[in-house]
Amino acid sequence: QRQLVESGGGLGQAGGSLRLSCVYSGLSFSGYVMTWFRQPPGKELEFVAAIGRTGGERFYAESVEGRFTISKDSANNTVYLQMTNLKPEDTADYYCAADYSAVIRLDHSKYTWWGQGTQVTVSS
(Lines give C-alpha, C1' and ligand atoms only; values in the text may rest on other atoms or scores of the structure.)
Protein backbone atom coordinates (compact mmCIF):
# COMPACT_ATOMS: atom_id res chain seq x y z
CA GLN A 1 0.00 0.00 0.00
CA ARG A 2 1.38 3.33 -1.06
CA GLN A 3 1.36 5.91 1.67
CA LEU A 4 2.81 9.35 2.21
CA VAL A 5 2.86 10.93 5.66
CA GLU A 6 3.93 14.52 6.24
CA SER A 7 5.15 16.04 9.49
CA GLY A 8 7.03 19.05 10.74
CA GLY A 9 4.44 21.74 10.26
CA GLY A 10 3.51 24.21 12.94
CA LEU A 11 3.92 27.82 13.88
CA GLY A 12 6.93 29.70 12.62
CA GLN A 13 8.02 33.31 12.75
CA ALA A 14 8.85 35.53 9.84
CA GLY A 15 12.52 35.11 9.08
CA GLY A 16 12.63 31.78 10.83
CA SER A 17 12.91 28.20 9.61
CA LEU A 18 10.92 25.00 9.56
CA ARG A 19 11.61 21.60 8.07
CA LEU A 20 8.88 19.42 6.69
CA SER A 21 9.28 15.69 6.26
CA CYS A 22 7.41 13.23 4.09
CA VAL A 23 7.86 9.56 4.83
CA TYR A 24 6.64 7.27 2.10
CA SER A 25 6.02 3.57 1.84
CA GLY A 26 4.97 1.26 -0.94
CA LEU A 27 6.85 3.26 -3.56
CA SER A 28 10.06 2.53 -5.34
CA PHE A 29 11.89 5.75 -4.77
CA SER A 30 13.74 5.56 -8.04
CA GLY A 31 10.59 5.69 -10.12
CA TYR A 32 8.92 8.74 -8.68
CA VAL A 33 9.18 12.47 -8.78
CA MET A 34 8.51 13.76 -5.28
CA THR A 35 6.89 17.14 -4.95
CA TRP A 36 5.64 19.57 -2.35
CA PHE A 37 2.49 21.53 -3.02
CA ARG A 38 0.73 23.98 -0.74
CA GLN A 39 -2.68 25.50 -0.37
CA PRO A 40 -2.86 28.90 1.30
CA PRO A 41 -6.08 29.78 3.11
CA GLY A 42 -8.83 30.52 0.62
CA LYS A 43 -6.59 29.86 -2.37
CA GLU A 44 -5.90 27.08 -4.80
CA LEU A 45 -3.29 24.40 -4.54
CA GLU A 46 0.09 25.57 -5.85
CA PHE A 47 3.40 23.99 -6.71
CA VAL A 48 6.26 24.60 -4.28
CA ALA A 49 9.22 22.33 -5.06
CA ALA A 50 10.04 19.03 -6.71
CA ILE A 51 12.92 16.60 -6.86
CA GLY A 52 13.47 14.24 -9.74
CA ARG A 53 13.76 10.48 -9.63
CA THR A 54 17.52 10.44 -9.24
CA GLY A 55 17.65 13.48 -6.99
CA GLY A 56 19.80 15.31 -9.48
CA GLU A 57 17.02 17.54 -10.75
CA ARG A 58 15.26 20.03 -8.52
CA PHE A 59 12.77 22.71 -9.38
CA TYR A 60 11.26 25.47 -7.28
CA ALA A 61 8.43 27.92 -7.51
CA GLU A 62 9.68 31.44 -7.99
CA SER A 63 8.12 32.47 -4.70
CA VAL A 64 10.34 30.09 -2.70
CA GLU A 65 13.48 29.96 -4.85
CA GLY A 66 16.52 30.64 -2.70
CA ARG A 67 14.59 30.13 0.56
CA PHE A 68 13.37 26.54 0.36
CA THR A 69 15.39 23.41 -0.33
CA ILE A 70 13.98 20.03 -1.27
CA SER A 71 15.99 16.90 -0.66
CA LYS A 72 15.50 13.19 -0.22
CA ASP A 73 16.99 10.43 1.88
CA SER A 74 16.54 7.15 0.08
CA ALA A 75 17.80 5.12 3.02
CA ASN A 76 15.00 6.46 5.21
CA ASN A 77 12.33 6.81 2.52
CA THR A 78 11.95 10.46 3.32
CA VAL A 79 11.64 13.68 1.38
CA TYR A 80 12.36 16.96 3.13
CA LEU A 81 11.44 20.57 2.56
CA GLN A 82 13.77 22.90 4.42
CA MET A 83 12.12 26.28 4.65
CA THR A 84 14.17 29.31 5.65
CA ASN A 85 13.53 33.03 5.78
CA LEU A 86 9.86 32.29 6.24
CA LYS A 87 7.29 34.86 5.23
CA PRO A 88 3.66 35.22 6.32
CA GLU A 89 2.63 34.37 2.76
CA ASP A 90 4.15 30.92 3.25
CA THR A 91 1.21 30.14 5.54
CA ALA A 92 -0.57 27.15 4.00
CA ASP A 93 -1.35 23.48 4.23
CA TYR A 94 1.62 21.67 2.71
CA TYR A 95 1.21 18.39 0.86
CA CYS A 96 3.71 15.82 -0.31
CA ALA A 97 2.89 14.06 -3.57
CA ALA A 98 4.42 11.39 -5.77
CA ASP A 99 4.30 11.16 -9.56
CA TYR A 100 5.48 8.15 -11.51
CA SER A 101 7.17 10.20 -14.18
CA ALA A 102 10.52 10.68 -15.86
CA VAL A 103 10.11 14.46 -15.72
CA ILE A 104 8.99 16.96 -13.14
CA ARG A 105 5.43 18.04 -13.72
CA LEU A 106 3.94 21.09 -12.02
CA ASP A 107 0.30 20.23 -12.59
CA HIS A 108 -1.06 18.76 -9.37
CA SER A 109 -3.75 16.87 -11.28
CA LYS A 110 -1.03 14.60 -12.67
CA TYR A 111 -0.09 13.33 -9.22
CA THR A 112 -1.60 10.10 -8.04
CA TRP A 113 -0.38 9.70 -4.49
CA TRP A 114 -0.77 12.33 -1.79
CA GLY A 115 -0.15 12.73 1.89
CA GLN A 116 -2.71 14.10 4.29
CA GLY A 117 -0.98 17.45 4.60
CA THR A 118 0.66 19.42 7.36
CA GLN A 119 -0.22 22.96 8.35
CA VAL A 120 2.33 25.76 8.42
CA THR A 121 1.51 29.13 9.93
CA VAL A 122 4.00 31.97 9.77
CA SER A 123 3.48 34.95 12.04
CA SER A 124 4.81 38.38 11.22
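Values reported hereafter were calculated over all heavy atoms of this structure, with side chains retained and with hydrogens, waters and symmetry mates removed. Positions are given from 1 along the sequence.
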(request) Identify whether Trp114 and Leu106 are in the same connected component of the hydrophobic contact network (ILVMFWY, side-chain heavy atoms under 4.5 Å). (result) yes
(request) May I have all residue pairs that pass ring-ring contact (aromatic ring centres under 6.0 Å, His included) and include part of residues 62-109, sequence neighbours excluded? (result) Tyr32-Tyr100
Euclidean distance, [Y] [atom2] relative to [X] [atom1], rounded to 0.5 Å:
X     : Y      : atom1 : atom2 : value
Trp36 : Ile51  : CH2   : CD1   : 12.0 Å
Leu20 : Gln119 : CG    : CD    : 12.0 Å
Asp93 : Thr118 : CG    : OG1   : 8.0 Å
Thr91 : Leu86  : OG1   : CG    : 8.5 Å
Lys87 : Ser124 : NZ    : OG    : 13.5 Å

Any donor and acceptor pair, going by atom type alone, linking the side chain of [X] with main-chain N or O of [Y] inside 3.5 Å?
X      : Y     : answer
Lys72  : Gly52 : yes
Gln116 : Glu6  : yes
Tyr111 : Val33 : no

(message) Can you pull out every salt bridge (charged side-chain N to carboxylate O under 4.0 Å, His left out) where at least one residue sits in residues 94-108? Sequence neighbours excluded, please.
(response) Asp99-Arg105
(message) Suppose the criterion is salt bridge (charged side-chain N to carboxylate O under 4.0 Å, His left out): which pairs have a residue in residues 61-71, not counting sequence neighbours?
(response) Arg67-Asp90
Can you tell if the side chain of [X] reaches within under 4.5 Å of the side chain of [Y], non-hydrogen atoms only?
X      : Y     : value
Val48  : Tyr60 : no
Leu4   : Met34 : yes
Val120 : Leu18 : yes
Ser17  : Met83 : no
Phe59  : Phe47 : yes

(request) Scan residues 42-51 for pairs that pass side-chain hydrogen bond (donor to acceptor under 3.5 Å, both in side chains), counting only residues two or more places apart or in two chains. (result) Arg38-Glu46
(message) Val23: which residues meet the side chain to side chain contact (heavy atoms under 4.5 Å, CB included) condition with it, sequence neighbours left out?
(response) Thr78
(request) Grab the two heavy atoms, one from Ala50 and one from Thr35, that are nearest each other, plus how far apart they are. (result) CB-OG1, 3.2 Å
(message) Test: disulfide (SG to SG under 2.5 Å). Region: residues 81-124. Which pairs qualify, not counting sequence neighbours?
(response) Cys22-Cys96
